[in-house]
Amino acid sequence: WASAEFDLAQIRLIVHQDCERRGRQVLFDSKAIRKLDPSEPNAEETKVPPARSGACQINSKASQKESPPTYQYTRPASDVNMLGEMMFGSVAMSYKGSTLKIHHISPPQLMVSKVFSTRHGSSNLQDSFESISQTCPSHTSSIHSNPVDMPGRGHSEDGDSGIARSSLSSLLATPMPSPGSSSSSGCASSYQRRWLRSQATSLQHGPIPRSTEEMFSLSDESCSSNPAMARRRKKIAVSIIISLPEKEEESHSFQEFFFSHFPLFESHMNKLKTAIERAMIVCRRVAEASQRVQVYLCRVMEALGEFMTVWNLYMAPRITEPVWLTMVSQSAERNQLCQRFLKEMSVLMEHGAKTFLSALLTAVLMYHLAWVPTVMPSNHLPIKPVCQKPTSHTVDLLAKSHPYNPLWAQLDLYGALGSPVRVCRTVVVGRRRELVQRVLYILSYFIRCSDLQENAQPQGHTDSPANPCPAQYSNSAPLSERTNETPLIPKSEAAKPPVCTENTNDKTLSANVDGANDAPVSERTSKKAPKSDSAGPSPLPEPTSERLACADPGWEPFGDATDPVGGGLEHILANQSPPVQRVKFTIGSPRESDHDGQRCGRGLHRKLPHRRLADMRRNESSDSSLGDSDEEETASPSQQAYTPATETAREYELPLPCQTESRASVNHFGRSLLGGYCPQYMPDFALHGISSDQRLKQCLMTDLEHTVLLQHPALDEPVAEAVCIVADTDRLCVQVATSQRRVCEPGRLGRDVMVSSLVHTLLTSVLQLHTLNIAADFCVMHLEDRLQEIYFKSCSLAEYLRGQRRVHVKELGLALIESSDLPLLAAVASTHSPYVAQILL
Amino acid sequence: MNALVALCHFCELHGPRTLFCTEAVHPPAPSPPQPGSALLGDREAEREGEGLTMRANSSATQRADMCEGCRSLPVSHPGFVSVDTETGIRFLSHQHPRQAQLFSVVRQACVRSLSCEVCPGREGPIFFGDEQHGFVFSHTFFIKDSLARGFQRWYSIVMVAMDRIYLINSWPFLLRHLKLTIQSLQSTALKVFDSEQGVCPQRAVRMNSAFSPAVFPHQRSGNAARSLPSLTQHPNLWASLHASFSWLLKACGSRLTEKLLEGAPTEDTLVLIERQTEQEEEMNAEGAGGKSESAQCRDFLFGDDGKGEEYCGPNFRSLRHLRQVLGAAEFRQLAWHVLMGNQVIWRGTDRGLIQSAFNVLKTLLPVGCVRVEAYSSQYEEAYRYNFLGLSPDVQIPAHVSSSEFTVLVDVLNVEQGCVHVVCDDDVLSLYQFSISSANTQPVDKGPTLLNKLEVALTNENLSVEVVSHCLLCLKEEWMNKVKVLFKFTKVDGRGRDDTQKVLVLLGATGPGEEDNVRLLKFWMTGLSKTYKSHLMTAVRGVERTLSQ
């Protein structure tokens, strides 16, 4: 990622408080803190330059011990007031939840702030804490803002914090079509998750707020409901300021990274906020004032140091060619990729790591579950030859009609697909770099997510659709010459028509300003704009009723339950012509539709569960062979092209500007969360390698707990368990550490993995095929087939468990499931049958 | 994208106002919003009205409260719409969103962007928001106006969404394109400003007139309210902005696309697709309609549930049922013949019963291996049908009845009083079954698939559904072995030794090896054409690259 070194000193932390009573105070500013050299413990006082006499000596002499660094709090920088203004806004808000803000300021800096309402403890603690700002030269802002009651939204009243989930479940209960019933479609579950995501963020029925009552705790006790306290509003802002690199290119690349990886930054900010909370609470227990401040500063500085590690993410090496993503994006090089993948795998196996790899793969397949949707059989004819998997048509169409953030879907890398949600990372530890890298490379085939492609936008200025004033306006003649109305430039006051005060002037006005819409000037709009100079209600474009026929009354749910076959079979076109052509139509990706064979339409539109999608499809397809003369066909092609919707208000229809699209795979989560051999452990990667597990041992449990506690900002559901797979290539062992710290002998990170015999035989036979000189891409195909077998077995298990309360392992054996496969199959089953986990746990 | 874009203005007289708003309406289209009432009811809407809220559709007070500067489209203007024909998404532009819920969200965003949030220099991008009111990307900017205080007016373009991650991800994109929009507006307005100043320099006018701050805005009240089209001399500005905003929403939404792969279809699916294709072609050739065949195909793939109910007479409901009726040993024998690819002939009077037996038995095989003639009045050769139903009077040719590759089941009507022992079904007590075959091979060793299946069938704790799932797993497992063997022997043409190695690695050796191999070879005939031709072309492709 990084094109240049990023200077850690470029990060600044400010904690600001806004109190209704006392105005604003700076509670922390990393720029105003100096670390004192402990080797000269007694020198501080003299060393402080006289010019800074105002600086307060927070360093306590009592802390002679070497270990905690001592800090000096100097005068906060002069810009803090301005920054505080930006954090809180010039008008205070009555909203009690947390607010997120990002500012772009100069010199080029990004400021990310989170503003929290405080959860009050007892006030004396609060006061004592403010001694920091009081002992220092006062920078209390004089700005005293009166809260403006912003229009609150319904939910804030009920004070129910469980909205996040209930809003989702109520969505399911709405009469809106739900794709949930299309169980026969291979991608049903991933499809449903995407659909839910789209609905959860839709504005169509008004916003559906997720409640995140994130407060800032100032005390240990749970919120004391003192009404008097509650009325006094106090807010705390935690703000991070990042100086951007000077070079344009570096700055650009950093910003791309920052914005596309914001969920990771946010989770680190949440961590930081928690640490600051703790620091404030802890320091209050310290009786002596100066030492209290020292404790506070120490803790916050430490947390800030932790936060800085997020920048390692920017610098760290990545797997250069993650196998799965590369195969998805560059199918042309598939053969070579398969060869290399198999070669690496067999080299590893030859080194006696067979059991190791089986165990590792068992764990990876069990927790990084995103591979499951990629092997669920589709009911469509593949677009590409069989060996290459079909891309999901339904998801493609969904993304267009029900937009969601595909970047979010890439977080599948963490494997959070099952139920309950488990989040997983894998760390490969080992001193031998080559070996670790080989393992990482192999795992990059099994840890999967969808590939993202970015639509490159043209850089041209004038012809961009974003430009509302194309060239012809730029040389517009002076006003007086262009209009036949009274010039707006007042020669005298009397010449001006008093605007907006009397009805008599309405005519002039609208002709002057709004009537302008009626005059076709731009080529783009002239086609549809009615040519009328009248100022009255403009004649509407002819209302076309054809649209009604098309907007069929029952927008049927995808994969209607009454048609258990799903779209699949009926979708499939009866045709023996080369599959490539036929199917491209079925997918209906309009970009591809021009490649359609001529015979493509037959049977397509008969009773489609995807009826509505098909309707859309037809809209732009002018293929006349569609006409099978069926009642739906009457509403077919051409008519819909530019008909305005029949709504109560018939808006003027304008063509939608379009642009040629070019796509390229991008480095978002998919690639950037697959780390290479890194200098140190990093908690954000879905996969990475390190040489020593020293730091891992220190941080792992906290990191895992943190993941569960604060919930990944990008995930909608609460995380039930955080898991880390640790593969040690030196000792050839695999352990699974979990936030549900169940068993842990001292010195161990987690429990061992039981090798699944399915995985073991899978690996063995793929590699034996390879040894027998079977073509590499066939071996990989076989590997996929075997993964699909695991999926089928998980369906068996789910079917067996349906309606059961207790599991009899012996009977499972009779149901052809070996006990060693049970954990894996249960995990896989939880992605398509949520009840499985409840029974097995 | 699940978002909307709005142009906002800080009016000198009226404060922050929403001028123009473009929203995306996705299919399925909601019922047309009624003016003044929201989808979620008036109660909600009324609660919004804490001081700042105006109703979506212009009330009299609102109109009186607005000047040209705070208004975009006249009340009579219906707004603009553009339809994305690919998805059916419609982009609608009005001065305000039609829905009260959204109205309040946009209003909130507008007020915050122009009077609450602080942006150094007052021009630039800010992101702000919360889960309640949505998240906003806002870009504030000045437009030159020779008549305005300070010769400029303050505007902002806001993009509102509930998905903060998406909005933040889109920051660089939005910034780049909104800058284009803004710069274009600014430069156009600047030209107008310059030319106006050329005609009548305002500074001089103002210097000469008596300066009184209190009356200042009101003095010029007429012009304080110049509209953006007037400031840019762009008569079609709103239409153009609609186009720009609509494009922005669409482009931002489709900026990233996901390429999600799904698994390859199973061989059964492929074969069914191929068969359906063939049938439809035949039908088209004959010009006949009817879907019974394809419906049959579907039934095959997705189990025969419901099929039995159509036929009310005595029938077999499942493999387990068949096994109970025939007896374990007889069932084993019959299933063995089915799996080995031998011809299975049922002869009897009850057509429905025979049909149901075939429906149950064919689930043992991949679709590609099943060729059923449910009931015929004459013998058909094995290569044509491996499941053949015959009426009782049909004679079976001697070469067939003496063949070890045939099994014959005679369904005999039972005279009254004689009850079949294992039968739990009264109706089936009407029949007796006699199985005969010239086969001398043992049927109790293999194939492995049958052994495993029998374990599942025997275990009464497993429901019929679980058994059929197990059977599916077994079939897929063996189909995958078939693929490997096909690749190995037919495509690559490997020798006997290598083939033996493959059999070992496939787990096809050991007890029942002979049966396993026979099964694999038979099932190979059931591979889909698509798959076979792919493997062949892949090899040819490699050869071509090698020869180059």
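Computed from a predicted model, the values in this text were never measured in an experiment. Quick note on labels: first sequence line is chain A, next is B, and so on, each numbered from 1.
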Notebook entry, point to check: Would B:T269 and B:T266 count as having a side-chain donor-acceptor pair, cut-off 3.5 Å?
Noted result: yes
Item checked: Nearest non-hydrogen partners of A:I774 and B:D492, listed with the distance -> CD1-OD2, 4.1 Å
Margin query: Check whether B:F128 forms a cation-pi arrangement with A:K101 (NZ or CZ under 6.0 Å from the six-membered ring centre, at most 45° off the ring normal).
Written below: no
Next item on the list: Tell me, out of B:G129, B:S246, B:P125, B:G124, who's got the most heavy-atom pairs with chain A below 4.5 Å.
Entry: B:G129
Item checked: For B:F91 against B:H242, the heavy-atom pair lying closest together -> O-CE1, 3.3 Å
Check: Taking atom CD of B:E477 and atom SG of B:C470, what is their separation to the nearest 0.5 Å?
Finding: 11.5 Å
Item checked: Option that, when pairs with chain B are counted at under 4.5 Å, heavy atom only, ranks first among A:I102, A:T99, A:L769, A:L772 -> A:I102
Item checked: Heavy-atom proximity to chain A below 4.5 Å, by part of B:L472 -> side chain
Notebook entry, point to check: Contact part of A:H782 toward chain B, heavy-atom cut-off under 4.5 Å: side chain, backbone, both or neither?
Noted result: side chain
Notebook entry, point to check: Checking A:Q768 against chain B: side chain, backbone, both or neither under 4.5 Å from a heavy atom?
Noted result: both
Check: What residue, out of B:S463, B:G121, B:S115, B:G198, has the most heavy-atom pairs lying under 4.5 Å from chain A?
Finding: B:S115
